[in-house]
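Owing to the predicted nature of the structure, the values given are computational and were not obtained by experimental measurement.
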Amino acid sequence: MNFDLDDDQHAFAAGARDFFRGSASPAAARAGLEGGALEPGRKSLADIGFLGITVPESAGGSGRPLLDLAVVAEQGGAVLAGPSLVTAARAAVLLADAPDLAAQLADGSTAFAVLDGSVEGSAPSVDAADATLFLGLDGGALVVGEGEVVPGRPLDATRGLASVRLTSRRVLAEDAGELWARARQVGAVVMAAEDLGGADRCVQLGVAYAQEREAFGRRIGSYQAIKHLLVDAWVGVEQLRSLVWWAAWAADCNPAELPLAASAAKACAATTFERAASTLIQVHGGIGFTWEHDAHLFWRRAKVDRLLLGDEAEHLDAVARLAVSGALGA
């Protein structure tokens with residue numbers, strides 16, 4: 001089976017790469033730690049159409065498959081762009097039967113966030129710090145409303161993490177447990193895609209430095225210890241790439257496989273990105289630990305993303321449970 005991106009998806013990736021490299025950077029992520037604005041920002045993401053990639057055309061979006069959004073998210077992850085496309089992906093699923101709200105998501109006129117945990121005081125949730133309207137699960141009902149936002153001191157400012165208590169709510173769907181679970185799985189796939197972009201960029205930066213830095217009269221890339229670090233990180237990136245593409249494909253074409261594929265991709269992303277970021281720091285030696293270098297910014301995101309939308313242990317447990325269930329025909 002030849003599983004690769006098609007020409008349209010390669011074009012999406014190339015266009016997204018040009019956009020993100022021109023409008024976001026690790027330097028902006030560093031500035032965010034000191035109170036700077038996220039880049040490229042919600043308006044720019046809406047204007048170029050990225051927030052509405054999976055929103056139906058009838059609601060003002062592009063109506064494209066999740067795999068298209070995943071290849072775009074990968075390019076955003078490579079430059080630590082914010083806000084996250086995870087929120088757009090989750091909200092598009094949750095607002096499928098609310099076209100008026102979905103249109104506001106796609107055009108960026110409303111800043112949405114999806115709450116994790118209780119609507120009476122959520123866990124830190126992605127993009128909640130500057131959101132104005134929140135989606136949450138209240139008992140079994142999907143609700144939307146305004147909220148009281150309590151931002152924390154961020155390890156990675158680009159994720160816009162904050163806890164929220166809803167101060168108003170309107171029920172969008174009474175029995176939304178399955179819809180909520182699917183939206184979370186879709187979000188996990190897109191977060192894994194962003195982490196894939198970040199991990200890949202770490203490997204690229206590490207290889208480039210190893211080819212130019214010299215120690216004891218030799219380029220450090222010629223030393224076996226450095227080679228092994230970078231190769232191990234690269235192998236992890238390629239494995240993660242396959243899982244991300246499979247999970248995004250499953251969301252579009254085989255929904256029954258999505259729970260397993262999404263958890264596999266998210267669990268792999270947790271270790272792959274952190275390993276790649278740690279490798280980048282080690283290859284750079286002393287300078288890799290400094291505030292001025294970009295390495296710690298990737299490491300910060302990797303550390304934060306490990307815990308968002310379920311940690312590695314939760315997703316590995318899901319993979320094991322689903323795999324055994326499938327093998328037994330349960």
Side-chain angles (χ1 to χ4, degrees), residues 5 9-10 12-30 32-33 38-42 44-45 48 50-51 53-54 66-90 126-127 154-161 186-206 233-234 236-248 262 265-280 294-309:
L5 303 179
Q9 287 150 354
H10 281 296
F12 267 125
R17 185 182 306 114
D18 291 342
F19 168 77
F20 282 116
R21 287 182 179 179
S23 59
S25 67
R30 184 185 294 103
L33 292 169
L38 299 184
E39 292 185 2
R42 198 180 308 269
S44 292
L45 291 174
I48 199 170
F50 289 168
L51 295 186
I53 287 177
T54 57
L66 186 67
L67 185 53
D68 289 5
L69 180 56
V71 299
V72 169
E74 179 184 348
Q75 302 307 319
V79 293
L80 305 176
S84 174
L85 292 174
V86 170
T87 298
R90 293 179 78 185
V126 177
D127 296 331
L155 181 62
D156 172 22
T158 66
R159 285 309 190 200
L161 297 177
V186 164
V189 175
V190 176
M191 181 165 286
E194 290 183 339
D195 289 350
L196 168 62
D200 192 25
R201 184 59 179 158
C202 287
V203 173
Q204 292 173 15
L205 291 171
W234 176 81
V237 166
E238 293 308 306
Q239 291 173 334
L240 176 57
R241 191 184 310 280
S242 296
L243 286 172
V244 168
W245 289 358
W246 170 44
K266 181 63 170 67
C268 182
T271 54
T272 298
F273 192 10
E274 185 172 353
R275 182 191 302 120
S278 297
T279 296
L280 179 60
D294 292 343
H296 73 95
L297 300 168
F298 290 96
W299 181 87
R300 285 169 180 270
R301 175 170 282 192
K303 283 292 188 180
V304 168
D305 284 4
R306 285 192 74 126
L307 303 178
L308 297 177
L309 302 183

Practice task
Taking side chain to side chain donor-acceptor pair (under 3.5 Å) as the test, write out the residues that go with Arg159, two or more places apart.
Solution key: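 Scan of Arg159 (side chain to side chain donor-acceptor pair (under 3.5 Å), adjacent residues dropped) gives Ser84, Glu194, Asp305.
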Problem - For Arg90, the option from Leu85, Val186, Leu309, Asp127 that meets side-chain contact (heavy atoms from CB on, under 4.5 Å) - result: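 With Arg90 as partner, Leu85, Val186, Leu309, Asp127 yield a single side-chain contact (heavy atoms from CB on, under 4.5 Å), made by Leu309.
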Can you tell me how far apart [atom1] ([X]) and [atom2] ([Y]) are? Round to the nearest 0.5 Å.
{"X": "Leu67", "Y": "Leu5", "atom1": "CG", "atom2": "CG", "answer": "5.5 Å"}
{"X": "Phe298", "Y": "Asp195", "atom1": "CZ", "atom2": "CG", "answer": "11.5 Å"}
{"X": "Thr279", "Y": "Leu205", "atom1": "OG1", "atom2": "CG", "answer": "12.5 Å"}
{"X": "His296", "Y": "Arg301", "atom1": "NE2", "atom2": "CZ", "answer": "13.5 Å"}
{"X": "Leu196", "Y": "Thr272", "atom1": "CG", "atom2": "OG1", "answer": "9.0 Å"}

If you look at every heavy atom in [X] and [Y], which pair is closest and at what distance?
{"X": "Phe273", "Y": "Cys202", "value": "CE1-SG, 4.2 Å"}
{"X": "Ala89", "Y": "Val190", "value": "CB-CG2, 3.6 Å"}
{"X": "Cys268", "Y": "Leu243", "value": "CB-CD1, 3.5 Å"}
{"X": "Leu45", "Y": "Pro40", "value": "CD2-CG, 3.8 Å"}
{"X": "Leu280", "Y": "Gly206", "value": "CD1-N, 3.6 Å"}
{"X": "Pro26", "Y": "Leu297", "value": "O-CD1, 3.1 Å"}

Handout entry: Single hit among Arg17, Arg201, Arg241 for salt bridge (Lys or Arg N to Asp or Glu O under 4.0 Å) with Glu74
Key =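 Only one of Arg17, Arg201, Arg241 forms a salt bridge (Lys or Arg N to Asp or Glu O under 4.0 Å) with Glu74, namely Arg241.
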Problem - pair Leu69-Phe12: side-chain heavy atoms closer than 4.5 Å - result: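 Heavy-atom side-chain distance check fails, nothing below 4.5 Å.
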Handout entry: Any Arg300 side-chain heavy atom under 4.5 Å of Leu80 side chain
Key =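 No, side chains not in contact.
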Handout entry: Donor-acceptor contact below 3.5 Å, side chain Lys266 vs main chain Gly187
Key =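 Such a contact is absent between Lys266 side chain and Gly187 backbone.
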Exercise for the section: Please name all residues satisfying side chain to side chain contact (heavy atoms under 4.5 Å, CB included) with Ala27, sequence neighbours left out, ordered by chain then number. Expected result: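 So Ala27 forms a side chain to side chain contact (heavy atoms under 4.5 Å, CB included) with Ser25, Arg30.
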